[in-house]
Protein chains: 2
Amino acid sequence: MLLRIQLDSHLPAYRQIADSLRTLLVDGSLPPGSLLPPVRQLALDLSVHFNTVAQAYRILAEEGWLDLRRRRGALVLKRDAPKSPDPDFTASLRRRLREIAWEMRAQGISAKEIAHELRSIVKGIES
Amino acid sequence: MLLRIQLDSHLPAYRQIADSLRTLLVDGSLPPGSLLPPVRQLALDLSVHFNTVAQAYRILAEEGWLDLRRRRGALVLKRDAPKSPDPDFTASLRRRLREIAWEMRAQGISAKEIAHELRSIVKGIES
DNA sequence: GCTTATTGTATAATGTCTGTGTACATTATA
DNA sequence: TATAATGTACACAGACATTATACAATAAGC
């Protein structure tokens, strides 16, 4: 399970974990039928408390990605095609994208490099 | 001052304000020599306490964007070319970009639309 | 079947963060 | 010199994040 989080980030750990896992779920790295590691094991890997991992798992379960059951673990589900996306949430995601891009710019990363990064993301998504 | 924040977001208001303003600073909408609105006025616009805006201003001042002085206000500085970017921070920005893109995918937004969005960001940055 | 170990769940405790209230310091302007 | 406009400092209440601890469910082994 290749996962990394930044403990000193302003984003809470449980959300970083959920976000990272969601990426793996969407891009197919964690196909339906897979079992995620037990909360205690992943927690050890990430140096957090297992309840923090459990919280991340619960977020993904509520989104329909996982089926959680005691003793068996966290099973990846075949998720239905999403319904029509929430426009507000979508708009906020769009804005966050743009802000992060500009924040990289402010960091001194060249427009060229950012463009390259964005293109590589596009590629990953389209495939 | 065209600014909007989402009070119900998980990102704190002061950070949303700082991020949005930084975007305007980087893209030239707020050129050096400009005066930002007083904290109390912007706070009214955004329906937050003025200390919340002050906190955002202070973040940008520490980043070298603003010179804050009592009674005169928040002056936009000509910021020196950024030093070599912090690689850890940069990597985390990259990861957040990718995660948000995949989160849009999970929301049911098509790869095509996301690609379009990313391309429009690239355009904005390159110009 | 029964026991046990493994797994997620529930709840409380604790520290940190966010936003606000209020008083203050500074300084341009009249 | 007085006044008003502006940012600053600091304390407080409430929310939030993480951890600690006890519990419930259930697959596996016997």
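Since this is a predicted model, take the numbers as computed values, not measurements.
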Inset, instruction - Considering just the side-chain nitrogens and oxygens of B:Tyr14, establish if one lies under 4.0 Å of OP1 or OP2 belonging to C:dT18. - result: yes
Inset, instruction - Would you indicate, yes or no, if C:dT18 has its OP1 or OP2 atom less than 4.0 angstrom from a side-chain nitrogen or oxygen of B:Thr52? - result: no
Using whole Å, what does the distance between atom [atom2] of nucleotide [N] and atom [atom1] of [X] come to?
{"X": "A:Arg69", "N": "C:dT6", "atom1": "CZ", "atom2": "C1'", "answer": "15 Å"}
{"X": "B:Leu35", "N": "D:dA5", "atom1": "CG", "atom2": "P", "answer": "16 Å"}
{"X": "B:Gln16", "N": "C:dT18", "atom1": "CD", "atom2": "C1'", "answer": "12 Å"}
{"X": "A:Ile59", "N": "D:dA17", "atom1": "CD1", "atom2": "P", "answer": "9 Å"}
{"X": "A:Gln6", "N": "D:dA17", "atom1": "CD", "atom2": "P", "answer": "17 Å"}
{"X": "A:Leu68", "N": "D:dA25", "atom1": "CG", "atom2": "P", "answer": "16 Å"}
{"X": "B:Leu44", "N": "C:dT20", "atom1": "CG", "atom2": "P", "answer": "12 Å"}
{"X": "B:Leu11", "N": "D:dC16", "atom1": "CG", "atom2": "P", "answer": "14 Å"}

Inset, instruction - Would you mind reporting whether A:Thr90 and B:Ile109 have side-chain heavy atoms less than 4.5 Å apart? - result: yes
Legend entry - Test item: B:Trp102 and A:Ile125 side chains (from C-beta on) under 4.5 Å apart, heavy atoms: yes
Inset, instruction - Can you measure from CG (A:Leu36) to CG (A:Leu75) and round to the nearest 0.5 angstrom? - result: 9.0 Å
Legend entry - Spatial distance of atom CG (B:Leu7) from atom CG (B:Leu46) [nearest 0.5 Å]: 8.5 Å
Legend entry - Earlier contact from the 5' end, DNA chain C, for B:Ala13 and B:Arg72: B:Ala13
Legend entry - All stems with DNA chain C, defined as three or more consecutive Watson-Crick or G-U pairs under 3.5 Å: C:1-30 with D:1-30
Inset, instruction - Scan A:Gln55 against the nucleic acid and name what it touches under 4.0 Å (heavy atoms): base, sugar-phosphate only, or nothing. - result: base
Inset, instruction - Using a heavy-atom cut-off of under 4.0 Å over every strand shown, decide if B:Arg40 touches base, sugar-phosphate, or nothing. - result: base
Inset, instruction - Measure from the side-chain heavy atoms of A:Phe50 and tell me the nearest of D:dA22, D:dT18, D:dA5. - result: D:dA22
Inset, instruction - Taking only the side-chain heavy atoms of B:His49 (C-beta and beyond), determine which of D:dG7, D:dT18, C:dT22 contains the nearest atom. - result: C:dT22
Inset, instruction - Starting from the 5' end of DNA chain D, give me the residue, A:Arg15 or B:Asn51, whose nearest nucleotide shows up first. - result: B:Asn51
Inset, instruction - Let me know, please, whether B:Arg70 or A:Arg71 comes out on the 5' side of the other along DNA chain D by nearest nucleotide. - result: B:Arg70
Salt-bridge test for [X] and [Y]: reply yes if a basic N is under 4.0 Å from a carboxylate O, no otherwise.
{"X": "B:Arg98", "Y": "A:Glu117", "answer": "yes"}
{"X": "B:Glu99", "Y": "B:Arg95", "answer": "yes"}
{"X": "A:Arg22", "Y": "A:Glu63", "answer": "yes"}

